[in-house]
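Take a look at the structure below.
Chain letters run A, B, ... following the sequence lines, proteins first and then strands; every chain starts at 1.
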Protein chains: 2
Amino acid sequence: MKACDYTRDNMTDLLRQHGINPTHQRIEIAYALFSHQEHLCADQVMAIVNAKHSETSKATVYNTLNLFQEKGMIREVIVDPSKVFYDPNTHPHHHFYNIATGELTDIDVDDIGLTGLPQLPPGMVTEGVDIIVRVRPTA
Amino acid sequence: MKACDYTRDNMTDLLRQHGINPTHQRIEIAYALFSHQEHLCADQVMAIVNAKHSETSKATVYNTLNLFQEKGMIREVIVDPSKVFYDPNTHPHHHFYNIATGELTDIDVDDIGLTGLPQLPPGMVTEGVDIIVRVRPTA
DNA sequence: CAATTATTTGGAATGTGTCTAATTTGTTTT
DNA sequence: AAAACAAATTAGACACATTCCAAATAATTG
Ligand SMILES: [Mn+2]
Ligand SMILES: [Mn+2]
Ligand SMILES: [Zn+2]
Ligand SMILES: [Zn+2]
């Protein structure tokens with residue numbers, strides 16, 4: 001799917017596909033995340049959605065991002081102790097994290113090989129593997 | 001160094017080795033982290049240090065943990081959006097994160113192999129690579 | 001000892017994120 | 001369509017980790 005394919009109508013379908021009732025606010029929040037194709041935190045989403053006229057409350061932005069995540073429509077990225085980033089890319093992938101700017105960049109999981117992880121204790125299952133490469137501009 | 005080798009006297013040396021002036025509070029905080037050999041967050045450190053009589057303020061705990069980290073004596077682990085964990089193990093290594101209990105377990109870096117990381121853009125250097133394996137008890 | 005510097009401290013402030021009870025919106029029933 | 005019911009949104013209070021600040025203490029220097 002190309003970036004220009006992320007229309008509000010497509011967001012409505014996407015929401016339905018994830019069993020989420022499409023409302024004005026939910027469509028706008030989904031559109032903010034998917035049309036930008038970026039890793040955004042809650043207050044950035046809020047700023048985008050309310051850019052013209054204030055339309056969506058803080059509570060709804062947080063409720064909705066958590067709902068999207070529970071339904072598997074987006075993913076959380078934990079790299080910054082002060083805020084959560086939300087990622088519209090739910091395919092398995094990893095991240096470069098620019099510690100100077102806070103910018104996140106995807107790393108395709110097909111490219112990388114990871115071996116030698118110790119066996120899990122019995123009764124444990126892997127929920128996911130996150131690789132974060134912290135980078136910074138040369139001093 | 002064995003666990004029983006972490007005495008308060010050794011902490012004094014360790015602090016000096018990192019260019020940190022050893023004070024009562026700094027020695028206690030270092031001792032809390034190194035003698036436990038665990039991943040602790042700020043309020044756990046505070047609880048340990050003040051277990052008997054309240055001796056160290058919240059501000060000092062935070063100041064000191066940040067100082068230790070800047071001087072490379074300990075390391076931050078970012079896995080939980082609500083709090084930072086501090087790790088007395090500064091050797092390169094990775095982590096299991098039990099999302100049910102919040103417990104962190106080290107993974108030795110010698111055991112694992114990681115290949116295929118894309119080349120960095122020019123002017124960028126890698127500061128570190130963190131691999132976090134999120135695990136949970138079988139449903 | 002006096003002066004200076006380093007460290008610690010309580011408490012206020014900041015910033016994310018959650019909670020709650022009231023309102024609005026949407027849907028179903030009669 | 002009006003009433004009843006359910007779902008979603010909202011403002012603002014709240015919680016909590018962390019930082020900030022200016023005053024108090026402690027340690028060092030001359
Ligand atoms: Mn969440
Ligand atoms: Mn920090
Ligand atoms: Zn991503
Ligand atoms: Zn560790």
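Take B:Thr60 and apply the side-chain contact (heavy atoms from CB on, under 4.5 Å) test, not counting sequence neighbours, and it matches B:Gln25, B:Thr56, B:Ser57, B:Thr64. B:Arg136 meets the salt bridge (charged side-chain N to carboxylate O under 4.0 Å, His left out) test with A:Glu127; sequence neighbours excluded. By the side-chain contact (heavy atoms from CB on, under 4.5 Å) test, A:Pro118 is found to be paired with B:Phe96, B:Ile107, residues two or more places apart in sequence or in another chain being considered. Among residues two or more places apart in sequence or in another chain, the side-chain contact (heavy atoms from CB on, under 4.5 Å) test is passed with A:Arg8 by A:Ile27, A:Glu28, A:Tyr31.
In this structure, A:Lys83 places its NZ atom 6 Å from P of C:dT16, rounding to the nearest Å. Here the P atom of nucleotide C:dT18 and the CD atom of A:Glu70 are 10 Å apart, to the nearest Å. Protein atom CG of A:Asp80 is 11 Å distant from nucleotide atom P of D:dT19, rounded to whole Å. For A:Met46 and D:dT9, the CE to P distance is 14 Å, given to the nearest whole Å. Atom P of nucleotide D:dT18 and atom CG of B:Leu67 are separated by 17 Å, given to the nearest angstrom. Spacing between atom CD1 of A:Ile20 and atom P of D:dA8 amounts to 10 Å, rounded to whole angstrom units. The CD1-C1' distance, from A:Ile27 to C:dT25, rounds to 14 Å in whole Å. We find that CG of A:Leu40 is positioned 14 Å from P of C:dT16, with the value rounded to whole Å.
A sub-4.0 Å separation between OP1 or OP2 of D:dT18 and a side-chain N or O of B:Asn66 is absent. Using a 4.0 Å cut-off, no side-chain N or O of B:Tyr62 falls inside it from OP1 or OP2 of D:dT19.
For the pair A:Ile99/A:Val135, no side-chain contact is recorded, criterion being any heavy-atom separation below 4.5 Å from C-beta on.
For residues 35-82 of chain B, the pairs satisfying ring-ring contact (aromatic ring centres under 6.0 Å, His included) are B:His39-B:His95, with sequence neighbours left out.
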Response to the item:
A correct 5'-to-3' footprint of nucleotides 8-14 of chain C, with B, S and - meaning base, sugar-phosphate only and no protein heavy atom under 4.0 Å, is SBB-B--

